[in-house]
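Reviewing the structure listed below.
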Amino acid sequence: MAAGGPDPLFGLRNNFYLGAYQAAINNSEIPNLSSDDVVERDSLVYRSYIALGSYQLVVNEIDSSAPTPLQAVKLLALYLSSPENKETAISSLHELLGDPAIGNNPILRLIAGIIFMHEQDYNEALKHTNAGGTMELHALNVQIFLKMHRSDYAEKQLRIMQGIDEDHPLTQLANAWLNLAVGGSKIQEAYLIFQDFSERYQMTNLVLNGKAVCCMHKGEFDEAETLLLEALNRDAKDPETLANLVVCSLHLGKSSSRYLSQLKLSHPDHILLKRSSTAEESFDRAVQTVG
C-alpha cells in the first residue's frame with residue numbers, strides 16, 4: 001500500500017472489528033491489492049468465517065503452502081473447532097512461534113495471543129502481544145489486561161492507541177471496554193461509544209451487546225432485554241447474546257433456563273457455564289458438608 005494513499009482494506013477491517021462478519025466476507029473482492037494486502041484481506045475473511053463458526057471451511061481451504069499469517073488463522077480455526085484439537089493446535093503454534101524467520105509475524109503473534117487468552121494463560125499471551133506493533137495487538141493487550149483485572153496497564157495500552165489514531169474503531173472499542181471495567185460514571189461514556197457505532201456503521205451483535213451491557217450496568221434491564229432480543233433475532237446462537245440474556249432475565253425475575261440450554265448446546269465451554277457449574281459444585285459440596 002502506498003504511504004499516505006487510501007487504505008483499500010479500510011471498509012473490510014471496520015466490518016470485521018465491529019462484528020459485521022458476513023458483510024466483511026461479502027465485500028472482500030477488492031481490485032488491485034498488493035501481495036501483502038491480499039494476505040491481510042484473506043486473513044480477515046477467514047477470521048470472519050471463524051467468527052461465524054465455519055471452522056472446518058477454514059481448515060479445509062488453507063493448505064500447507066499458504067503464507068504464515070494464514071497458517072496461524074488455520075490453527076485458530078483448528079483450536080476452536082473441538083476440544084480434541086486444542087493440543088495439536090497449540091503444539092503447532094509453538095513450532096511457528098519458535099521459527100526465527102517467521103516467529104515475529106504480527107498476525108501470528110495476534111493469533112497466539114487470542115489462543116492463550118482462551119486458555120486463560122495471560123502471561124504466555126502477553127509474551128507474544130505485549131510488544132504491540134499493530135492496532136489489533138494493542139487492542140488485544142487491553143482485553144488481556146482487563147481479564148487480569150489490571151485496568152492500569154489496560155489504560156496505558158489505550159493511551160498508546162489514542163496516540164496513534166484516536167478515532168480508530170479499535171481505539172474506540174478499547175476505550176469502551178476500559179470504561180465498562182472501571183464502571184461508575186464511565187458506563188455512560190461506554191454507552192455513547194456504542195451508540196455512535198450504531199449511528200455510523202451497520203448495527204451488529206457486537207454493538208447491540210455492548211449497548212445492552214451498559215444498560216445492565218445502569219440498572220436499565222428492560223432496555224437491555226430489548227437490545228438483546230434484537231441481537232438474538234439476528235443470530236440465535238450468538239454466545240454473548242445468550243449469556244447476557246441469562247443475566248438480564250435473572251435481574252428481571254424471568255426464567256433464563258431456555259437461554260442457558262441454548263448456550264449449553266451451542267457453546268458448552270462458555271465462561272458463564274463454567275462459572276455456573278463451579279457454583280453448583282460448591283453448593284453441592286456445602287450441602288454434603290451440612291448433611
Cluster overlap Leu146 with Met117, hydrophobic side-chain contacts below 4.5 Å: yes
Qualifying residue for side chain to side chain contact (heavy atoms under 4.5 Å, CB included) with Lys186, from Leu178, Asn179, Leu180: Asn179
Side-chain donor-acceptor pair present, Ser34, Asp36, cut-off under 3.5 Å: no
Expected output: side-chain Thr204 to main-chain Val207 donor-acceptor under 3.5 Å: yes
Pairwise side-chain contact, Glu124 with His94, heavy-atom cut-off 4.5 Å (strictly under): yes
Heavy-atom check, side chain of Asp37 versus side chain of Asp7, under 4.5 Å: no
Rounded distance [0.5 Å steps], OG in Ser151 versus CG in Leu158: 11.5 Å
Flag, side chain of Arg41 to backbone of Ser28, donor-acceptor distance under 3.5 Å: yes
Stepwise side chain to side chain contact (heavy atoms under 4.5 Å, CB included) test for Leu80 and His118: CA-CA 9 Å; Leu80 293 171; His118 271 280; 4.0 Å; yes
Under 3.5 Å: donor-acceptor pair, side chain of Gln71, backbone of Asp63: yes
Non-hydrogen side-chain atoms of Tyr55 and Ile50 separated by less than 4.5 Å: yes
Side chain Thr171, main chain Asp167, donor-acceptor under 3.5 Å: no
Worked verdict on Ser92 versus Leu96 for side chain to side chain contact (heavy atoms under 4.5 Å, CB included): CA-CA 6 Å; Ser92 301; Leu96 291 180; 5.8 Å; no
Sequence neighbours excluded - salt bridge (charged side-chain N to carboxylate O under 4.0 Å, His left out) pairs with any residue from residues 210-223: Lys218-Glu220
Stepwise side chain to side chain contact (heavy atoms under 4.5 Å, CB included) test for Leu245 and Arg258: CA-CA 10 Å; Leu245 273 165; Arg258 184 173 294 169; over 6 Å; no
Nearest-0.5 Å distance that lies between atom NZ in Lys147 and atom CH2 in Trp177: 10.5 Å
Any Met148 side-chain heavy atom under 4.5 Å of Asn123 side chain: yes
Inter-residue atom distance Glu61.CD - Tyr46.OH, 0.5 Å rounding: 4.0 Å
Shortest non-hydrogen contact from Ile144 toward Ala125: CD1-CB, 3.7 Å
Student check: side-chain heavy atoms of Asn205 and Leu232 closer than 4.5 Å: no
Test item: side-chain donor near acceptor, Asn85 and Thr88, under 3.5 Å: no
Non-hydrogen side-chain atoms of Phe194 and Cys214 separated by less than 4.5 Å: yes
Approximate separation, where rounding is to 0.5 Å, of Glu95 CD and Ile102 CD1: 9.5 Å
Donor-acceptor contact present, side-chain Arg47 to main-chain Asp42, <3.5 Å: no
Side-chain (Ser48) to main-chain (Leu44) donor-acceptor, under 3.5 angstrom: yes
Pairwise distance CG(Leu242) to CD(Gln262) - rounded to 0.5 angstrom: 5.0 Å
Inter- and intrachain pairs under ring pair (Phe, Tyr, Trp, His ring centres under 6.0 Å), touching residues 125-153, at least two apart: Phe116-His128, Phe145-Tyr153
Any donor-acceptor N or O pair under 3.5 Å, side chains Asn105, Thr68: no
Linked, directly or transitively: Leu192 and Ile187 (ILVMFWY side chains, under 4.5 Å): no
Distance-only side-chain donor-acceptor flag, Asn26 / Gln22, under 3.5 Å: yes
Greater than 12 external heavy atoms within 6.0 Å of Glu29's CD: no
Residue of the set Gln172, Met135, Glu166 for which side chain to side chain contact (heavy atoms under 4.5 Å, CB included) holds with Met161: Met135
Pair Asp196 + Arg200, salt bridge at N-O below 4.0 Å: yes
Shortest non-hydrogen contact between Leu206 and Leu18, atoms and distance: CB-O, 3.5 Å
Check: Thr129 main-chain N/O paired with Asn141 side-chain donor or acceptor under 3.5 Å: yes
Pro8 to Ile30 - nearest heavy-atom pair and separation: O-CD1, 3.6 Å
Shortest non-hydrogen contact between Ala112 and Leu97, atoms and distance: CB-CD1, 3.9 Å
Under 3.5 Å: donor-acceptor pair, side chain of Asn244, backbone of Glu240: yes
Polar side chain donor-acceptor pair, Thr241 to Asp235, under 3.5 angstrom: no
Full working for side chain to side chain contact (heavy atoms under 4.5 Å, CB included) between Asn15 and Tyr21: CA-CA 6 Å; Asn15 277 330; Tyr21 303 117; over 6 Å; no
Between NZ on residue Lys74 and OG on residue Ser81, distance to nearest 0.5 Å: 11.0 Å
Leu76 side chain reached by Ile115 side chain, heavy atoms, under 4.5 Å: yes
Least distance between heavy atoms, Ile107 atom then Ser43 atom: CD1-OG, 3.6 Å
ILVMFWY network linking Leu229 to Leu227, side-chain heavy atoms under 4.5 angstrom: yes
Within the 6.0 Å centroid threshold, strictly below: His168 and Tyr17: yes
Flag for Tyr79-Glu119: side-chain donor and acceptor within less than 3.5 Å: yes
Contact summary for Leu137 and Gly132, nearest pair of heavy atoms: CD1-O, 3.3 Å
Side-chain heavy atoms of Met203 within contact of Glu230, under 4.5 Å: yes
ILVMFWY cluster, Val39 and Ile114 together (side-chain gap under 4.5 Å): no
